Amino acid sequence: MDERLPQYLHRPVQILWFGSDEFMLATSSVFVAAIVGGMLGWMLILALLLFIPWKRSKPRGFLAHLAWRWGLVSFPHYPGPTQTRFFE
């Protein structure tokens, strides 16, 4: 089995100048703003413009861990966010 590894394993996936999670958030926000329209649509765009610099000030993987903490996603083979005692 001959599989190739990417040249840079430490670099995040990037689409245009956005990270992959930022790109998904930006495109979904723009689509929802276009559908909703009006003042609410412009507020979504403004929230996006404020959110992206805030997100970039956080470490990589921040959104995934935040979603895990809120219980929106689960990581396989890892305890839940409310687990306080661990037995190995």
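Because the structure is predicted, anything quoted here is derived from the model rather than measured.
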Run the side chain to side chain contact (heavy atoms under 4.5 Å, CB included) check on I52 and L48 step by step: do they pass?
-> CA-CA 6 Å; I52 287 178; L48 177 68; 3.8 Å; yes
Provide the closest heavy-atom pair for G41 versus A33 in the form atom of the first, atom of the second, distance.
-> O-CB, 3.4 Å
Partner residues of K55 under the side chain to side chain donor-acceptor pair (under 3.5 Å) criterion, sequence neighbours left out |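 Partners of K55 by the side chain to side chain donor-acceptor pair (under 3.5 Å) criterion, ordered by chain and then number, come out as D21.
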If you measure from CD1 on I45 to CG on L50, what distance do you get to the nearest 0.5 Å?
-> 11.5 Å
If you group Ile, Leu, Val, Met, Phe, Trp and Tyr by side-chain heavy-atom gaps below 4.5 Å, do L25 and F62 land in one group?
->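 Looking at the clustering, F62 is in the same group as L25.
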With hydrophobic residues grouped by side-chain heavy-atom distances under 4.5 Å, do L63 and W70 end up in a single group?
-> yes
Is there a side-chain contact between L46 and W42, using heavy atoms and a 4.5 Å cut-off?
->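 L46 does not reach W42 side chain to side chain.
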Is it the case that more than 12 heavy atoms not belonging to R56 sit under 6.0 Å from its CZ atom?
-> yes
Assign the ring pair F51 / W54 to parallel, tilted or perpendicular, where the plane angle (0 to 90°) is split at 30° and 60°.
->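 Taking W54 first and then F51, their aromatic rings sit tilted (interplane angle of 30° to 60°).
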